[in-house]
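Every value quoted in this text rests on a predicted model; they were computed, and no experiment measured them.
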Number of protein chains: 2
Amino acid sequence: MANIRDIAKYADVSVTTVSRVLNEHPYVSKEKRERVRRAMAELGYLRNQQALTLSTGRTQRFVVVLPYLDHPYYGLFVNGLAKAALQRDYRLVMWQTEYQLDQERQALDLLKHREVDGAILLSHTMTFDEMETYRQFGPIAVATVGAPQTISSVHVDHYTAFVAGLRVLAQAGYAEIGIVLSRQDSPSSIARQQAYFDEVELARERWVWTGYLTSEDGIGLADSFLRQQERPRALFFSSDYVALGFLGELRRRGVSIPDEIAILGFDGHPIGQAFGLSTMHSPNEDIGRTLFDVTFEEMNGAASVTNSLTVTYLPGTTL
Amino acid sequence: MANIRDIAKYADVSVTTVSRVLNEHPYVSKEKRERVRRAMAELGYLRNQQALTLSTGRTQRFVVVLPYLDHPYYGLFVNGLAKAALQRDYRLVMWQTEYQLDQERQALDLLKHREVDGAILLSHTMTFDEMETYRQFGPIAVATVGAPQTISSVHVDHYTAFVAGLRVLAQAGYAEIGIVLSRQDSPSSIARQQAYFDEVELARERWVWTGYLTSEDGIGLADSFLRQQERPRALFFSSDYVALGFLGELRRRGVSIPDEIAILGFDGHPIGQAFGLSTMHSPNEDIGRTLFDVTFEEMNGAASVTNSLTVTYLPGTTL
DNA sequence: ACTTGCTCTGAAACGCGTTTCAGACTGTAC
DNA sequence: GTACAGTCTGAAACGCGTTTCAGAGCAAGT
């Protein structure tokens, strides 16, 4: 494998000159530039990215932290991230945490050890206090609310977003509303419950279901829901996938939707449309794109930012 | 940022000794080991991964190439890859190609430039001949069939798999069968068509639909399908997502399934169960895991392998 | 007493591209 | 004729951890 010194020798110039040709520095005579070019072609020179990385201190990589790589909820975020990364010639190292704190720490250790230039957390269980201890090693951006000054944030405010969804339900004439959330104690679940109790007059503790993450969980909910005595007339899900599982199972059992139970999802993932799911659309792809850009800019000296986006109602036939 | 030389000076030992402590080499006296440990703690030493990478020539990274990061079809592969990577302390650089040949080339260029140790292609449009030109730069593994000797392959054979699915349909009593495929000219689509015409007596050209990738495509199919004069009695989809979109749309229109039209999917993705989709289960997570392992072993000198896995019928209510 | 074989240590080279700095040279301006 | 600015060039240092090699010290084996 020819390196820059071999090329220099072969073309009878200094390594500096070769480096200049590589980087298209103007101060190289036509003749030497040509000689170097030819030498590179003849020896099959390939620039060693590792050496470049060590030398410049830039890895051209960000680590992207998320609980599950294969959870469709994160798909659109990741898509936005990937598109932005491509534009800047950056690579994304994906890090699956399965909600394990130590996995999050390992991901941020990449930052410490200069394996990546920055970190983008689509989800985190770590406290912001701990997260800030990593800030000195590179820019960090999160897709969640409540980040401190030093940490960039691009997110939808789940309280506001949930209020918006609950009002859509209210306007459609539903007063008895239940909500189906993901992890019990996640910040977003807490915010959503808060919104529920603040906004819905007939809100009830037992109409709050937590621990529903996947479409299978949604199927599972059908049974326990139908067995319940006093049921809400509408269910607001924090995820389209859970809503879809529930919807599919109910339709299969011949339950009429929305006559017996109305369903509102949250995400606006394309697959929901296939089933006519009414949902609150969250601009996740934009968030992904912006998260990348923000992190990139911050690496180049820009200040950290907080960017709150809003959700919109995407009508279907389940409401 | 303290480096290894700073530590050496502070602990009054050579850099070699520091390196030995870092790598837990036994030939270091207790006393010096202790001094080095203390120096590292006091100066807050953090090993620079970039330097290590340049020095050892190992990046601890593989690039994973796939058309869309957010296509749920690849989710289970990626999940398997991620789990295997975690075990070996490897990172995955995800590369989205959108089926663009030049994106595939860019991904493999990472290999050329020593930015990754190996490449795993879940999908590719590149010919194997071209792919082989990259082989000299590191191990390559694909999830597709037909790879040459030098390139590892872990896959389901789509011809065999499709024959299996078609026989499931035949055994269930369906003779008039149509198939719905993804990209027209992809090797897997070609193999599937071959299987169709070889296996199904009543196979017809116009019962082959191509270009269906997403659940939305499945919705779109419903209309043109229902308008067709002579319809097959069963549809075999090459993707659960397309099948689900189609299924959802038909159910919404009140078409009785499987009485009017039977549906068989392909993948066995969990979300299919929510809707009772009958499907051929493909062990994609295993494939992902094995792809990683194979690439890893090959990097350590093992020979390339070809590993063909089989699909199994996963009953639902749509058949 | 003498070889053999560990254990321990560190100087120097290595991987490889970039950057700094000093110097030479040419051309233009005054 | 002298300055100054711009062009071109290369030696050396830099980023930083690993590896090779040579050598010293010491104990066990014959």
Residue list, salt bridge (Lys or Arg N to Asp or Glu O under 4.0 Å) with [X], at least two apart or on another chain:
X        : value
A:Asp89  : A:Arg91
A:Arg61  : none
A:Arg105 : A:Glu130

Nucleic acid contacts of residues 19-27 of chain A, taken as heavy-atom distances under 4.0 Å to DNA chain C: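 Heavy-atom cutoff 4.0 Å gives A:Ser19, A:Leu22, A:Asn23.
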Positions of residues 9-16 of chain B (non-hydrogen atom under 4.0 Å from DNA chain C), listed by number: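 Residues of residues 9-16 of chain B under 4.0 Å from DNA chain C: B:Val13, B:Ser14, B:Thr16.
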Could you tabulate the donor-acceptor pairs under 3.5 Å formed by side-chain atoms of residues 288-295 of chain A, not counting sequence neighbours?
unit_1   : atom_1 : unit_2   : atom_2 : d
A:Thr290 : OG1    : A:Asp286 : O      : 2.7
A:Thr295 : OG1    : A:Leu291 : O      : 2.7

Where chain A begins and ends its contact with DNA chain D, read 5' to 3' at 4.0 Å from heavy atoms: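 Going 5' to 3' along DNA chain D, contacts run D:dG6 to D:dC16.
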Net bend of the helix from C:dA1-D:dT30 to C:dC30-D:dG1, end axes of five pairs each, nearest 10 degrees: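 Answer rounded to 10°: the end axes differ by 40°.
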Results of side chain to side chain donor-acceptor pair (under 3.5 Å) for A:Gln103 - residues two or more places apart only: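 Once residues adjacent in sequence are excluded, the partners of A:Gln103 under the side chain to side chain donor-acceptor pair (under 3.5 Å) criterion are A:Trp95.
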B:Glu297: side chain to side chain contact (heavy atoms under 4.5 Å, CB included) partners, not counting sequence neighbours: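 B:Glu297: side chain to side chain contact (heavy atoms under 4.5 Å, CB included) contacts with B:Arg88, B:Ala302.
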Residues forming a side chain to side chain contact (heavy atoms under 4.5 Å, CB included) with A:Glu31, sequence neighbours excluded: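 Result, side chain to side chain contact (heavy atoms under 4.5 Å, CB included) vs A:Glu31: A:Ser29, A:Arg35.
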Residue whose closest nucleotide on DNA chain C lies nearer the 5' end, B:Ser55 versus B:Val28: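 In this pair, the answer is B:Val28.
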Geometric class of the A:Tyr90/A:Phe62 ring pair [parallel <30°, tilted 30-60°, perpendicular >60°]: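 Aromatic pair A:Phe62/A:Tyr90 classed tilted.
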Gap between atoms NZ and C1', on B:Lys30 and C:dT9 respectively (whole Å):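 Atom NZ in B:Lys30 sits about 17 Å away from atom C1' in C:dT9.
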Within residues 40-49 of chain B, residues whose heavy atoms come under 4.0 Å of DNA chain D: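 Contacting residues: B:Tyr45, B:Arg47, B:Asn48.
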Under 3.5 Å: donor-acceptor pair, side chain of A:Arg114, backbone of B:Asn48: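 No, A:Arg114 side chain to B:Asn48 backbone: no donor-acceptor pair under 3.5 Å.
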Touch class at under 4.0 angstrom, heavy-atom based, for A:Val18 against every strand present: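 No contact.
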